[in-house]
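Down below is the structure, laid out as structure tokens.
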Amino acid sequence: MANEMEELIGFLSTPSPQVKKAAVDIVCGLTGSEDGLQSLSSYSETLLPSLSRLLAETKEVSEPAAEALVNLSQNSDLAAKMLQMDIIKVPMNMLYKQGCEITGPLVMLLLNLTQLDAGVESLLQVGDNKVQGTYVMKLVRSFCTSSNENKDDPFGYVGSILVNVSKNKAGRLLILDPKRGLLKQIVRQFDSTSLLRKKGVAGTIRNCCFEADNQLQNLLLISEFLWPALLLPVAGNKVYNDQDISKMPLELGSALSIEREPVNDPEIRVQALEAIYLIVLQGAGRRAFWSVNGPRILQIGYEEEEDPKVMAAYEQIGSLLVEGNSTEEGST
């Protein structure tokens, strides 16, 4: 005989809308507690496919089903089981169906699933050359065309998904591919007023810079957007003088010649500095950095910095620039 939990999960597939709605609400409630998650995890083989099917129902059923999957996917074992079911394609297909009303939970589900390497590979569609990268391209387009003016910014978390994707080499190469133009689109979102978006962009750029040893040219192809995104957060708050600005490209000099909003989040400043460090490790990267008066910007930013971790990141670049200059002068 079926026990109570098996009966409850069985009701998720009932033809009766009222019973189905009541069952999914109870399941969603159970996923909100540690004990409930523990109880449900023993029935994952039947529970996860049932909840996944409910995502195609009306909002009153699909929303609690999606929220339940989000809560369940915070458990890495259950997330791994979802990925074995190839669940990534379900939220991706649902997101781009006309009139999708549960965008927020679906994006959060993708965020949780891409915490795992298998989730990133599934989102990248690794192994299917015909469609590889299509899901990520769709998400980038949504990230860059959706508005974040309202409090409700469901695609804002795509920035965090891109950080997960760019931890994977195939993900970095996809984002850096100049034919797809994804990095250029992503970097321009750094101008957003949303801290969540800024963090996503900064983390994605930083991860992509790990490919600077063989992808530097592709990074510098978008230097007019890249340098402002990396240097403005670490340039300090002062208005720069005409002499300093005259040695910078227009897009950077214009921004530093006026009062501006400081980037108060130290994590963003550290990531920007780590990205710069990875670029200036390369000789051509160092020359590009000098050409935008980067060392002067870091000097002024460092004078105003108070966070010890951020200061250490400035100092790491400073040491490299001094050492790099000595080496280059010695070989000239």
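This one's a predicted model, so the numbers in the text were calculated from it and none came from an experiment.
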Could you walk me through whether E267 and K309 pass salt bridge (Lys or Arg N to Asp or Glu O under 4.0 Å), step by step?
CA-CA 9 Å; E267 187 185 340; K309 284 187 178 175; over 6 Å; no
Go through it in stages, so that I can follow the logic: the residues are Y43 and N3, the test is side chain to side chain donor-acceptor pair (under 3.5 Å), and I'd like the CA-CA distance, side-chain angles, deciding distance and then a yes or no.
CA-CA 11 Å; Y43 302 92; N3 62 29; 2.8 Å; yes
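The cluster map of Ile, Leu, Val, Met, Phe, Trp and Tyr, joined by side-chain heavy atoms under 4.5 Å apart, puts L173 and L226 in different clusters. Taken together through direct or relayed side-chain contacts under 4.5 Å among Ile, Leu, Val, Met, Phe, Trp and Tyr, V19 and I9 form parts of separate hydrophobic clusters. Note on L69: it clusters hydrophobically with Y96, by side-chain heavy-atom contacts below 4.5 Å among ILVMFWY residues.
When all heavy atoms of R286 and L281 are compared, the closest pair comes out as NH1-O, 3.6 Å. The shortest non-hydrogen separation linking K81 to L48 is CB-CD1, 4.0 Å. The two residues R53 and S13 make their nearest non-hydrogen contact at NH2-OG, 3.9 Å. N71 and C28 make their closest contact through ND2-O, 4.3 Å (heavy atoms, listed as atom of the first residue, atom of the second, distance). The two residues L55 and S62 come nearest to each other via the heavy atoms O-CB, 3.5 Å. Taking both residues in full, the closest heavy atoms of I268 and A202 are given as CG2-CB, 4.1 Å, listed atom of the first, atom of the second, then distance.
Under the 4.5 Å side-chain criterion, counting only non-hydrogen atoms from C-beta, L273 is not in contact with Q316. L256 places none of its side-chain heavy atoms less than 4.5 Å from the side chain of L231. Side-chain contact between L219 and C209: present, with at least one pair of heavy atoms (C-beta onward) separated by less than 4.5 Å.
A cation-pi geometry, defined here as NZ or CZ lying under 6.0 Å from the six-membered ring centre and within 45° of its normal, does not hold between K184 and F225.
In this structure, R206 contributes its side chain and A272 its backbone to no donor-acceptor pair below 3.5 Å. Using modelled atom types, no side-chain atom of Q189 and backbone atom of Q185 make a donor-acceptor pair closer than 3.5 Å.
Under the 30°/60° scheme for interplanar angles, the aromatic rings of Y314 and Y302 are found to stand perpendicular.
For the side-chain contact (heavy atoms from CB on, under 4.5 Å) test with N164, the passing option among L111, L113, N207, D117 is L111; the others fail.
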